[in-house]
Amino acid sequence: MTALTSAAPDTAAPAATDAVPAAPPGPWLLGVRHHGPGSARAVRAALEAARPRAVLIEGPPEADGLLALAADPDMRPPVALLAHVVDDPRRASFWPMAEFSPEWVALRWALDAGVEVRFIDLPAAHSLAAGDERPENQPEAEGDAPDERPALRIDPIGVLAETAGYDDPEAWWEDVVEHRDGTPGADPYGPFTVLGEAMTALREAYGDGGHARDLIREAYMRQQLRAARREFGDDIAVVCGAWHVPALAEKTTVAADRALLKGLPKVKAELTWVPWTHRRLARHSGYGAGIDSPGWYGHLFGAPDRPVERWMTKVAGLLREEDRQVSSAHVIEAVRLAGTLAAMRGRPLPGLTETTDAVRAVMCEGSDVPLALVQDRLVVGDVLGEVPDAAPAVPLQRDLTRAQRSLRLKPEALERELELDLRKETDAARSRLLHRLSLLGIGWGERSASRGSTGTFRESWRLRWEPELSVRVAEAGVWGTTVLAAATARAESEAAGATVLGEITALAERCLLAELSDALPVVMRALADRAALDTDVAHLAQALPALARTLRYGDVRGTETAALGEVATGLAERICVGLPPACTGLDADGATEMRRRIDDVHTAMALLPEAPEGPTTLRDRWASVLTRLAGRDTVAGEIRGRAVRLLLDDGRLDDTGAERHMGLALSVGTPPGDAAAWIEGFVGGASGGGMLLVHDERLLALVDTWLTGVPADAFTDVLPLLRRTFSAYEPGVRRTLGELVRRGPGTTGPAPADAGAPGFGAGLDEERAAAVEPLLRLLLGASTHGPGALPEPSDHLTGVGK
């Protein structure tokens with residue numbers, strides 16, 4: 001076999017200086033670096049010069065039937081071949097290809113030229129079954145046995161760069177490959193000859209370089225090369241990783257290769273094309289053959305001329321979109337600086353390092369903050385490829401694609417916010433789809449806090465499509481052929497296997513949000529059975545909030561939730577009976593956890609539908625439970641304080657009653673630790689306790705009097721709890737409290753008859769009240785007289801004060 005790893009014969013006639021040198025005898029072994037634009041241009045030039053009858057490419061041969069799809073107009077790289085085990089889709093591998101990947105360039109050239117094109121790497125059926133075998137685009141498997149892991153795995157490009165005196169392999173590669181000028185008449189085979197000789201020297205020095213499985217892959221590739229030579233002769237081009245070139249040029253026997261391949265495990269695998277992203281090509285993403293700068297490489301490959309000038313223009317456009325002041329003069333100066341830096345560093349052309357330094361100095365004024373944006377958006381990039389509809393896909397993927405198109409939810413690599421108004425039919429359908437995918441474990445969307453509204457008619461999502469989600473879709477295909485059927489089957493399975501009451505209630509909520517009407521009865525039966533058997537009040541309290549939210553969303557979405565309401569009411573009744581005993585004898589951590597449960601249950605009680613139960617309602621019974629907790633000495637102080645606060649907020653307890661409870665809790669006979677815990681329960685957390693103290697100086701005076709009376713030896717014990725309580729307040733609230741305390745405590749006796757609201761001055765300033773009346777009428781749309789007229793200012797504002 002004659003390969004490009006050896007020099008051309010001496011008898012070859014010299015070529016004219018303006019003509020392309022004659023091709024050496026085939027087969028032509030074109031060793032490349034995966035995802036290198038220089039290699040891609042060199043491959044295209046070599047194929048144009050050689051015009052082979054067949055092109056063999058490193059890749060899984062099961063994908064030969066999918067190669068024609070690469071010529072489809074709807075196929076836009078970056079894309080990847082996805083191979084997964086039929087019975088276990090989680091076992092999958094990807095073979096990514098970008099527009100600047102040599103393999104993609106060779107594939108498109110062969111299709112356009114009408115010549116035979118094949119993949120010749122080890123079949124995916126073997127590589128997926130081997131467990132520790134991965135294509136070069138896969139991260140190291142976690143399950144490799146220690147004795148199978150090599151002591152050292154070399155990076156061929158890194159070794160060559162170090163030998164050449166470079167400390168950065170990327171810079172060396174750019175200088176020797178990416179920055180080749182491509183002068184007309186240059187030898188198109190020269191790069192492959194030189195690179196093949198370098199790899200031969202590395203293989204002689206390092207053997208397999210720590211990649212023992214490569215020996216099996218190379219044995220299979222040699223077999224495929226022999227078969228192609230029998231069919232096409234030597235008129236063949238092979239595009240593979242440069243590391244494999246010496247092994248393919250090596251003269252071995254058929255028997256030796258068969259011995260290496262004998263007994264390989266095998267599974268049933270399926271392959272298809274899936275979209276890929278530039279971000280997933282980046283090395284930091286865990287991709288084994290990744291590169292540092294896919295966006296930069298894509299620019300180098302696509303720029304017809306003046307790549308540095310075009311790159312600086314892109315950077316300027318991005319920074320202008322972010323309201324940075326970047327002018328044409330900045331672009332010109334950045335281009336000059338990049339060229340000067342390249343000359344000073346002895347490089348043939350400015351590379352990414354020089355352009356980045358120039359952008360930092362000129363356009364970013366020395367700051368790395370805007371430079372990070374350039375790195376993320378341009379150097380790496382968020383380009384998402386597309387595959388045609390003709391590509392094989394599991395039925396679930398096809399149903400998802402149809403739904404995405406009908407709802408105008410295009411998958412995008414760049415994260416974006418999606419605000420949904422559930423009163424609109426399209427937005428409600430989008431919400432259902434995203435909730436169903438979430439239940440299936442396909443994390444395309446993630447719920448986020450709504451901006452500007454906390455109502456139940458709005459939902460906010462963060463959407464970002466990752467290539468790995470294609471594997472999740474294939475994996476979820478075992479549950480059904482449509483998103484609705486798969487989500488229903490998955491929910492029913494989870495309901496049957498759930499053992500914790502909270503899990504089932506959360507599942508019921510998800511089923512309602514996803515509108516899985518067929519799964520909801522199954523989930524409800526499991527919920528009723530589990531609720532009847534569970535006697536732990538903490539579990540019941542954990543489960544009730546999800547049911548209450550479910551009922552609330554059911555009203556918004558028009559879903560029938562009568563059965564769910566009955567279960568929720570039953571849980572609430574059992575909580576009312578079992579909560580007081582469960583709150584007795586808790587330690588500090590247990591009291592804090594139970595306080596959170598009580599907060600959740602209190603919120604849930606307000607969401608449950610109110611139904612009379614004879615002389616008292618469910619909410620009345622809950623208020624009675626809180627009253628018992630507030631006055632029971634055996635209950636932890638944090639819980640007693642929170643019970644008093646909840647009663648006060650609901651109007652079940654007046655200010656005088658709250659003052660009495662606080663006075664008892666902060667009395668001299670109460671240990672300082674218990675008193676501090678009571679304060680934490682009363683004004684701690686996200687309950688707005690700071691504003692309560694600001695507007696009720698009597699309660700603030702009680703806290704201040706108690707705090708100043710805490711003995712010195714006990715103060716250090718209660719300080720951490722008090723610091724945690726008051727540090728949670730907003731800075732403005734803390735400042736106001738400090739000013740009130742510095743001024744001195746307010747009165748604790750009966751308020752004067754003409755006093756305003758607690759914390760406000762006595763009396764009413766009639767003139768100031770009258771000044772705002774016209775604006776209030778304008779805002780409320782009220783006329784001066786008639787049914788819509790505002791009350792007199794004095795009556796209106798005095799009523800507020802009372």
Side-chain angles (χ1 to χ4, degrees), residues 395-412 415-465 469 472-473 476 479-492 494-495 504-524 527 545-565 567-568 603-604 606-609:
L396 180 62
Q397 177 65 68
R398 296 194 179 280
D399 183 68
L400 174 58
T401 302
R402 286 192 293 267
Q404 289 170 334
R405 289 179 177 174
S406 64
L407 298 176
R408 298 186 296 279
L409 276 179
K410 183 179 179 180
E412 296 177 356
E415 183 177 288
R416 69 184 182 101
E417 295 284 341
L418 179 66
E419 294 285 341
L420 299 179
D421 185 345
L422 302 182
R423 294 169 293 185
K424 299 178 180 179
E425 183 178 352
T426 300
D427 282 0
R430 290 173 174 176
S431 174
R432 289 194 297 269
L433 175 64
L434 292 173
H435 279 294
R436 290 169 182 173
L437 293 177
S438 178
L439 198 149
L440 288 170
I442 304 172
W444 178 24
E446 179 181 351
R447 288 285 298 274
S448 60
S450 296
R451 294 179 295 179
S453 173
T454 57
T456 58
F457 289 101
R458 288 197 173 275
E459 282 185 357
S460 294
W461 293 81
R462 285 194 298 268
L463 301 183
R464 182 172 183 169
W465 186 266
L469 294 179
R472 301 287 181 269
V473 174
W479 297 106
T481 58
T482 66
V483 176
L484 174 60
T488 299
R490 176 70 178 269
E492 293 175 350
E494 288 191 5
I504 306 179
T505 55
L507 180 61
E509 181 180 15
R510 298 174 71 185
C511 288
L512 191 82
L513 295 174
E515 291 194 17
L516 303 179
S517 55
D518 292 339
L520 198 55
V522 178
V523 176
M524 290 306 304
L527 176 59
L547 291 180
R549 290 192 301 267
T550 302
L551 292 171
R552 183 189 189 198
Y553 279 101
D555 294 337
V556 173
R557 298 167 184 262
T559 306
E560 179 59 38
T561 57
L564 199 61
V567 176
T603 303
L607 298 177
L608 292 178

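No hydrogens, no waters, no symmetry mates; every other heavy atom, side chains included, goes into these values.
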Item to check | Approximate separation, where rounding is to 0.5 Å, of R490 CZ and C511 SG | outcome: 11.5 Å

Item to check | Gap between atom CZ of R432 and atom CG of L407 - 0.5 Å precision | outcome: 8.5 Å

Item to check | Working for side chain to side chain contact (heavy atoms under 4.5 Å, CB included), residues R464 and E412 | outcome: CA-CA 6 Å; R464 182 172 183 169; E412 296 177 356; over 6 Å; no

Checklist entry - Once you round to the nearest 0.5 Å, how far does CZ of R423 lie from CZ of R458? => result 6.5 Å

Checklist entry - Does the side chain to side chain contact (heavy atoms under 4.5 Å, CB included) test come out yes or no for E515 and H435, once each step is laid out? => result CA-CA 9 Å; E515 291 194 17; H435 279 294; over 6 Å; no

Checklist entry - Taking D427 for the side chain and D421 for the main chain, is one N or O donor matched with an acceptor at less than 3.5 Å? => result yes

Item to check | Minimal non-hydrogen separation, V473 against L396, with atom names | outcome: O-CD2, 3.5 Å

Checklist entry - Could you state the interatomic distance from CG (L439) to CD (E494), rounded to the nearest 0.5 Å? => result 5.5 Å

Checklist entry - How long is the span from the CH2 atom in W465 to the CD atom in Q404, to the nearest 0.5 Å? => result 5.5 Å

Checklist entry - Do the side chains of L437 and V483 get nearer than 4.5 Å, heavy atoms only? => result yes

Next on the checklist: Less than 6.0 angstrom from the centroid, inside 45 degrees of the normal: does R447 satisfy that with respect to the ring of W461?
Outcome noted: yes

Checklist entry - Between E509 and T505, do the side chains contain an N or O donor and an N or O acceptor separated by less than 3.5 Å? => result no

Checklist entry - Where do L512 and L520 land on the side chain to side chain contact (heavy atoms under 4.5 Å, CB included) test, with the steps shown first? => result CA-CA 7 Å; L512 191 82; L520 198 55; 4.2 Å; yes

Checklist entry - Stepwise, does the side chain to side chain contact (heavy atoms under 4.5 Å, CB included) test hold for L409 with L463? => result CA-CA 10 Å; L409 276 179; L463 301 183; 4.0 Å; yes

Checklist outcome for this item: Heavy-atom closest pair (R510 atom, S438 atom, distance to 0.1 Å) is NH2-O, 3.1 Å

Checklist outcome for this item: Here the pair of heavy atoms bringing W479 nearest to A489 is O-CB, 3.4 Å

Next on the checklist: Any non-hydrogen side-chain atom of V522 less than 4.5 Å from a side-chain atom of T488?
Outcome noted: no

Checklist entry - Where the side chain of R462 meets the backbone of E446, is there a donor-acceptor pair that is under 3.5 Å apart? => result no

Checklist entry - Considering all heavy atoms of both residues, which atom of A491 and which atom of L516 are nearest to each other, and what is their separation? => result CB-CD1, 4.2 Å

Checklist entry - At their closest point, which heavy atom of T426 faces which heavy atom of R408, and how far apart are they? => result CG2-NH2, 4.1 Å

Item to check | Distance (rounded to the nearest 0.5 Å) between T401 OG1 and K410 NZ | outcome: 13.0 Å

Item to check | Which atom of R472 lies closest to which atom of G441, heavy atoms considered | outcome: CD-O, 3.9 Å

